[in-house]
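First the structure, in the form of structure tokens, and then the observations on it.
Please read these numbers as outputs of a predicted model, since none were measured by experiment. Chain A is the first sequence line, chain B the second, and so forth, proteins listed ahead of strands; every chain is numbered from 1. The figures that follow rest on heavy atoms only: side chains count, while hydrogens, waters and symmetry mates do not.
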Number of protein chains: 2
Amino acid sequence: MAASASLSAQAVVSRALAAAGHPAVGQPDRVALPAGFRLGWIGGGGLRSSPAAVAPAASPRRGRRSGWGAQVRAAAVETLEGTAATAALVEKSVNTIRFLAVDAVEKANSGHPGLPMGCAPMGHILYDEVMRYNPKNPYWFNRDRFVLSAGHGCMLQYALLHLAGYDSVKEEDLKGFRQWGSKTPGHPENFETPGIEVTTGPLGQGVANAVGLALAEKHLAARFNKPDNEIVDHYTYVVLGDGCQMEGISNEACSLAGHWGLGKLIAFYDDNHISIDGNTEIAFTEDVSARFEALGWHTIWVKNGNTGYDEIRAAIKEAKAVKDKPTLIKVTTTIGYGSPNKANSYAVHGSALGAKEVDATRQNLAWSHEPFHVPDDVKSHWSRHTPEGAALEAEWNAKFAEYEKKYKEDAEILKEIITGELPAGWEKSLPAYTPESPADATRNLSQQCLNALAKVVPGLLGGSADLASSNMTLLKTYGDFQKDTPEERNVRFGVREHGMGAICNGIALHSPGLIPYCATFFVFTDYMRAAMRLSALCEAGVIYVMTHDSIGLGEDGPTHQPIEHLVSFRAMPNILMLRPADGTETAGAYKVAVLNRKRPSVLALSRQKLPQLPGTSIEGVEKGGYIISDNSTDNKPDLIVIGTGSELEIAAKAADELRKSGKKVRVVSLVCWELFDEQSDEYKESVLPTAVTARVSIEVGATLGWQKYVGSKGKAIGIDRFGASAPAGRIYKEFGITADNVIATANSL
Amino acid sequence: MAASASLSAQAVVSRALAAAGHPAVGQPDRVALPAGFRLGWIGGGGLRSSPAAVAPAASPRRGRRSGWGAQVRAAAVETLEGTAATAALVEKSVNTIRFLAVDAVEKANSGHPGLPMGCAPMGHILYDEVMRYNPKNPYWFNRDRFVLSAGHGCMLQYALLHLAGYDSVKEEDLKGFRQWGSKTPGHPENFETPGIEVTTGPLGQGVANAVGLALAEKHLAARFNKPDNEIVDHYTYVVLGDGCQMEGISNEACSLAGHWGLGKLIAFYDDNHISIDGNTEIAFTEDVSARFEALGWHTIWVKNGNTGYDEIRAAIKEAKAVKDKPTLIKVTTTIGYGSPNKANSYAVHGSALGAKEVDATRQNLAWSHEPFHVPDDVKSHWSRHTPEGAALEAEWNAKFAEYEKKYKEDAEILKEIITGELPAGWEKSLPAYTPESPADATRNLSQQCLNALAKVVPGLLGGSADLASSNMTLLKTYGDFQKDTPEERNVRFGVREHGMGAICNGIALHSPGLIPYCATFFVFTDYMRAAMRLSALCEAGVIYVMTHDSIGLGEDGPTHQPIEHLVSFRAMPNILMLRPADGTETAGAYKVAVLNRKRPSVLALSRQKLPQLPGTSIEGVEKGGYIISDNSTDNKPDLIVIGTGSELEIAAKAADELRKSGKKVRVVSLVCWELFDEQSDEYKESVLPTAVTARVSIEVGATLGWQKYVGSKGKAIGIDRFGASAPAGRIYKEFGITADNVIATANSL
């Protein structure tokens with residue numbers, strides 16, 4: 001039984017790795033599992049060899065506390081102080097971190113040494129004494145999450161991952177800092193470096209991602225934990241700086257974190273008083289802690305973040321004791337601590353120290369080692385994390401085996417969330433439409449899809465930025481995710497689009513099977529674009545449900561009417577911009593969105609009613625562009641009319657008219673340019689034959705970009721000005737978004 | 001002397017009107033000046049006829065306090081209470097506002113009645129008792145500014161403008177609410193409706209605009225006021241709702257307002273506990289007032305915003321007494337106050353009440369009038385604002401005449417700021433470059449332009465989002481705009497891009513001659529895109545100085561490297577996207593940006609050094625696209641190579657090589673697509689002749705959109721993936737942004 005439990009647990013892990021797009025067990029180069037994993041690898045590496053250390057006591061809750069791994073941790077946080085020898089080693093480890101950062105930045109002659117030098121103490125305590133992780137499996141589900149929101153300080157995290165034994169950051173990787181093809185890019189990138197949870201650098205994003213990670217933990221814990229088995233149980237730690245604090249997105253996300261009472265979110269605010277332009281006094285004099293208290297957070301102030309190790313430890317202990325609020329630990333540090341001439345100045349923020357100052361810093365901190373050197377005692381001290389991490393994971397695997405035995409159904413669902421494996425036949429749940437189905441707005445059809453999917457896709461959860469009743473995003477069979485009902489799946493983001501997007505990135509990156517969706521009016525993607533770009537970059541398969549996708553929203557006027565938004569997302573790498581025309585295409589868009597776990601999807605949906613069109617298909621949507629009607633033969637139409645979304649109907653109407661006068665007209669739905677561009681040349685030629693240059697496109701947005709498909713001899717009908725406030729029908733007419741205009745334009749070619 | 005003073009003052013006003021794009025004096029249909037303005041129009045209209053009322057006492061400071069207008073205002077705020085009759089009239093006026101909103105929304109069957117019904121009391125007090133404005137000249141320089149940040153409640157402001165006597169909102173305009181071509185669009189639009197200061201609707205923008213308006217006032221007051229003549233002296237009022245409060249942008253802007261100590265900024269927070277998704281409890285439980293105190297604001301709570309008129313008045317008085325901090329007045333109201341069945345629910349937020357509920361509300365508030373009716377006594381009560389406003393302006397004009405007499409030089413400069421008239425020959429200050437000038441990054445060349453312009457353009461001010469030393473935006477001859485040095489012109493925005501953009505919109509819309517610029521890395525336009533779109537929509541000529549404009553920034557990696565940003569702005573209406581290639585083109589870009597006062601400009605600038613190219617010209621930049629070199633004749637090159645910015649050098653190099661092998665090659669700089677598209681067909685044909693289909697473009701960004709210029713047979717070289725972290729030269733090579741690639745591509749055509 002123990003063996004089968006292990007098997008099952010390992011299977012979960014393997015699937016998780018595969019789903020995360022990483023080589024599974026057996027390809028140790030990227031993510032190696034400990035040797036002898038299945039049999040219990042205990043015995044080597046200086047580890048206590050009692051099997052009891054791996055298999056916890058009967059009650060997993062008590063087991064975690066009394067098990068071997070937990071004992072070490074608890075002791076660490078509470079008592080890793082006292083002996084001079086230990087304190088000296090801590091100091092040495094902290095200086096190792098500082099100099100790895102200094103040396104790497106110096107070698108690259110580019111980067112940010114200041115933050116790692118100032119934050120090394122809290123970094124050391126987190127990775128060496130507090131956090132639960134397995135360096136040989138960075139994707140272990142129940143690991144504590146760490147986010148460096150002040151991503152420019154990435155050498156801090158690279159140094160910590162290196163010391164902790166992550167295979168992704170070896171000495172040569174540190175030496176390749178910021179170089180082509182290295183695993184140590186200039187800002188932390190989860191898709192490059194296992195051990196990095198999210199991609200940061202654009203300030204404020206990371207702390208909002210952390211809110212998403214903590215939300216995911218709270219949600220999954222509430223859904224799956226049992227009184228006798230708390231199978232989901234980890235903390236989320238984040239380090240953020242003054243820059244993150246100034247960004248509005250962090251206030252949005254932290255307001256929600258306070259509202260939701262995310263007690264296992266612990267944020268370290270690196271209060272170093274320096275930003276690029278100098279002392280923060282020039283632009284940032286608010287009382288940050290008081291603001292966080294107003295947001296519903298517990299706050300603690302560590303006044304000596306440079307050498308006050310016990311202060312930091314005590315703060316973490318206090319933070320963990322506060323279960324119903326997130327905690328902000330303001331840690332006052334000196335940026336560039338140790339640099340005699342540059343510490344506490346902006347000079348140390350974002351440039352290499354320079355050889356002379358590196359020498360002076362080495363002297364100042366009595367660091368006689370060569371660049372990139374990790375002293376043996378430091379190395380040896382940190383080496384325990386490899387066996388210890390494996391033990392933590394093995395302990396959890398055993399716990400999962402127990403869980404699986406007792407709670408089979410829940411275990412199956414949790415496994416789907418952990419691995420990202422979709423239940424067989426899930427796509428059959430999508431609603432089917434025929435041309436006879438009633439006309440409806442695609443935002444309403446979207447709600448039908450969401451509700452259908454929620455029943456079969458266990459990781460689907462999300463909500464709207466205070467527009468649920470307009471975006472039509474409520475899951476009717478679920479309640480609201482709230483402080484006291486975190487097991488529910490409707491998330492109420494309030495009017496906080498930017499925070500919403502970044503929180504969804506955090507949710508998506510928590511577990512491969514979590515599929516967050518979020519919604520607002522399409523025009524307000526402008527508020528969250530930085531988060532959406534990061535979805536695309538960091539491969540977070542968020543579904544962006546963007547309704548009111550054109551002047552078709554009518555009276556709200558130009559502030560609310562998107563124009564340039566479609567093309568702006570079509571130009572963004574690794575994101576799918578889908579604009580379905582009816583129910584069938586909306587279902588197709590959701591099929592695409594759910595399947596694309598490593599690139600986000602934006603669904604542009606109408607406020608206004610649209611007919612169900614003959615010829616639309618889910619398979620067509622999956623190809624991005626396809627023929628919905630044609631009266632020509634041999635791939636030689638006289639004219640191709642191309643439309644998307646709400647204008648596909650107009651394209652179809654115009655074609656009907658033109659055919660009456662004997663023309664051979666093809667109508668193409670170009671619902672997703674990115675997918676169409678990925679098709680084979682033959683397929684593309686079968687839809688848009690090169691020889692047919694008479695082409696008209698119609699779309700109620702900017703025409704820029706359409707030249708790609710209509711060609712030099714075709715014409716694009718669209719809107720290259722701002723919209724207007726009036727009933728939708730009137731605006732469509734005034735702006736020439738009509739079948740008559742398509743016909744006139746076609747006749748003019 | 002009095003006559004000439006009037007003349008001068010009127011001239012200032014006229015220029016202000018003209019600069020604002022509105023018909024000047026003599027076209028009373030849009031902005032009428034009072035009849036007899038020049039001679040002193042006093043005597044008619046029920047006004048006290050003492051000339052002393054117009055010409056204040058010798059000291060303008062005391063004069064304002066003791067002058068007629070001021071007396072009325074002071075009395076109003078402090079004593080408009082007491083008699084039952086007056087209280088009844090106030091109530092009647094408030095209900096008039098409520099029903100104008102209810103009736104207009106009902107007629108349009110679209111809109112937001114809830115806010116106007118709840119905020120009518122504070123609206124009445126502001127416009128009837130507190131604010132200093134001239135309804136017949138909405139552009140009077142020294143008016144108090146009012147911003148409805150919760151723009152969906154625009155019927156509140158339309159009703160107030162109507163009652164106050166603004167010609168822009170007559171009864172027929174109210175009846176045309178949200179209809180095609182009306183002056184009463186679905187959200188407030190400054191470019192449609194004189195009397196509206198800024199364009200709002202996207203939440204949080206308005207309060208940030210208001211911070212910009214208040215900054216402008218504080219700055220101009222510090223620069224121009226004299227101990228004996230405070231010629232700049234007005235308040236900025238803003239009404240914001242729960243939605244605005246949730247948006248991160250408002251926290252950013254309000255943090256700055258607190259930092260800067262904008263004592264004349266008074267914000268009314270409509271605390272109605274309802275947003276679209278229901279009670280704000282579901283997503284917004286922070287302590288807003290405590291947050292604002294943490295941001296350095298004075299806060300007041302009016303617990304009864306529905307009928308507590310004296311509470312509101314007392315709060316305003318208290319707010320005005322606090323001179324060193326902005327004030328947040330939290331006014332607890334009932335959304336939809338008066339509607340018996342829908343008040344205090346989301347149902348009244350964004351939909352017409354419906355005939356039945358309108359009737360019930362009329363009954364409930366004992367309102368027996370026809371739709372759109374303004375009772376005679378209310379009308380008569382408000383009618384005094386026309387003469388009173390004219391008197392305020394005349395008083396100020398007299399004060400300006402005094403100022404002009406004593407402080408001739410300052411008066412000239414202030415007039416330039418008020419009117420937007422640029423000093424003659426200003427463009428000659430722009431630095432000149434030749435191909436022999438040293439290679440430099442366009443961000444550095446930009447700083448040379450900014451510093452040159454600052455000397456001759458008095459309204460130029462701005463700064464960076466904590467990247468001044470990277471964006472190169474410091475004005476070297478000025479200090480920092482700070483709480484105690486508001487006369488300075490370097491603004492330190494901190495890491496708050498979104499707030500920065502919206503604050504700059506407020507500055508630009510304060511006075512036609514204020515030319516704000518703001519800066520960050522180009523990729524972080526994603527953080528401020530909503531504000532930039534509003535610059536474009538509301539015709540605020542902000543200059544966006546966006547450096548580090550490509551993968552050329554190198555090691556910071558893909559989070560910091562723009563790809564899709566150029567095309568995304570090229571697709572946005574009414575904004576100029578400029579990407580200069582060298583010093584001459586940078587100077588040209590600034591010339592364009594300064595001249596375009598009614599559309600914003602985005603300057604994409606390099607981090608890396610670029611050579612000064614032969615053939616570039618300021619005139620060329622003004623045309624958007626032009627030939628920089630050509631060895632063909634008769635407009636028949638074999639090949640056209642098109643580049644922008646940092647790739648123009650590569651285009652030129654490739655052309656040189658290709659010419660060696662005998663090809664006739666033209667090199668075109670397409671520095672600003674929008675300007676090029678505006679040129680005559682002949683000009684465009686002279687640059688890109690239709691007959692020449694062999695075209696190659698090169699630009700380190702998304703290729704989408706380039707098909708417009710390279711055509712079906714040409715090729716676009718660019719980057720359609722995310723960037724990478726490495727030294728810039730390496731990335732350019734890896735991504736094929738090289739002359740070799742241009743040559744190979746050209747040869748493949």
Side-chain angles (χ1 to χ4, degrees), chain A residues 110 178-180 185-187 201-203 243 246-249 251-252 255 259 275-277 282-287 290-291 294-296 466-468 492 494-496 498 526-527 529-530 533 537 555-559 564 567-568 571-573 702 704-705 707-708 711-712 721-722 725-726 730, chain B residues 110 178-180 185-187 201-203 243 246-249 251-252 255 259 275-277 282-287 290-291 294-295 466-468 492 494-496 498 526-527 529-530 533 537 555-559 563-564 567-568 571-573 702 704-705 707-708 711-712 721-722 725-726 730:
Chain A
S110 168
R178 292 187 154 228
Q179 303 307 306
W180 180 262
H187 290 82
L203 295 173
M246 290 188 244
E247 291 286 5
I249 184 177
N251 194 70
E252 291 180 11
S255 179
H259 173 74
S275 65
I276 293 178
D277 279 357
I282 67 172
F284 188 51
T285 48
E286 64 176 62
D287 182 340
R291 174 160 63 84
L295 299 181
D466 194 47
L467 288 168
R492 304 292 199 160
V495 192
R496 302 181 184 96
H498 201 179
D526 285 349
Y527 275 70
R529 199 169 163 90
R533 187 175 206 258
L537 179 60
E555 291 89 344
D556 275 346
T559 53
E564 69 279 17
V567 61
S568 81
M572 189 182 278
L704 190 64
Q707 296 80 9
K708 182 174 171 182
S712 302
R721 52 157 285 186
F722 285 112
S725 171
R730 179 72 184 269
Chain B
S110 168
R178 292 186 153 229
Q179 303 307 306
W180 181 262
H187 290 82
L203 294 173
M246 288 189 246
E247 291 285 6
I249 184 177
N251 194 70
E252 291 181 10
S255 178
H259 172 74
S275 66
I276 293 177
D277 279 357
I282 67 170
F284 188 51
T285 47
E286 63 175 64
D287 181 340
R291 173 161 63 87
L295 298 181
D466 193 47
L467 287 169
R492 304 291 198 159
V495 193
R496 303 181 182 94
H498 202 178
D526 285 349
Y527 275 71
R529 200 168 162 90
R533 188 176 206 255
L537 178 61
E555 291 88 344
D556 275 347
T559 53
I563 296 290
E564 69 279 17
V567 60
S568 80
M572 188 182 278
L704 190 65
Q707 296 80 8
K708 182 173 172 184
S712 301
R721 51 157 285 186
F722 285 112
S725 171
R730 179 72 185 268

- Item | Part of N251(B) lying under 4.5 Å from any heavy atom of chain A | side chain
- Query: What part of A726(B) lies closer than 4.5 angstrom to a heavy atom of chain A: side chain, backbone, both or neither?
  - Reply: both
- Taking all non-hydrogen atoms of both residues into account, name the closest pair between W180(A) and R730(B) and its distance. CD1-NH2, 3.1 Å
- Is a side-chain donor or acceptor of S712(B) paired with a backbone partner of S712(A) at a separation under 3.5 angstrom? yes
- Item | Among the listed options Q179(A), R529(A), R533(A), the residue most often paired with chain B at heavy-atom distances under 4.5 Å | R533(A)
- Query: Under the 3.5 angstrom rule, does the side chain of Y527(B) hit a backbone N or O of L203(A) as a donor-acceptor pair?
  - Reply: yes
- Item | Atom of T559(B), atom of P202(A) and distance for their closest heavy-atom approach | CB-CD, 3.6 Å
- Query: Excluding sequence neighbours, so at least two apart, what forms side chain to side chain donor-acceptor pair (under 3.5 Å) with S255(A)?
  - Reply: R496(A), E286(B)
- Could you tell me whether the side chain of Q707(B) and the main chain of Q707(A) form a donor-acceptor pair under 3.5 Å? no
- Message: Tell me whether S725(B) contacts the main-chain N or O of G186(A) through its side chain, where contact means a donor paired with an acceptor under 3.5 Å.
- Response: yes
- Note on the structure: When the 4.5 angstrom heavy-atom criterion is applied to A702(A) and chain B, the contacting part is side chain
- Task: Go through the structure and list residues passing salt bridge (Lys or Arg N to Asp or Glu O under 4.0 Å) with R492(B), not counting sequence neighbours.
- Result: D277(A), D480(B)
- Nearest heavy-atom contact between A294(A) and A290(B) is CB-CB, 3.7 Å
- Reported CD1-to-CG distance for the pair I276(A) and D466(B), which is rounded to 0.5 angstrom: 5.5 Å
- Item | Part of S275(B) lying under 4.5 Å from any heavy atom of chain A | both
- For chain B, the option from E252(A), E555(A), R291(A) that forms the most heavy-atom pairs under 4.5 Å: E555(A)
- Query: In terms of heavy-atom pairs under 4.5 Å with chain B, which of G711(A), G557(A), P573(A) leads?
  - Reply: P573(A)
- Which pair of heavy atoms, one from L537(B) and one from P558(A), lies closest together, and at what distance? CD1-CB, 3.8 Å
- Task: Please determine, among I249(A), D287(A), D556(A), the option with the most heavy-atom pairs under 4.5 Å with chain B.
- Result: D556(A)
- Option that, when pairs with chain A are counted at under 4.5 Å, heavy atom only, ranks first among V567(B), L467(B), L295(B), V495(B): V495(B)
- So, the part of H498(B) with a heavy atom under 4.5 Å from chain A: the answer is side chain
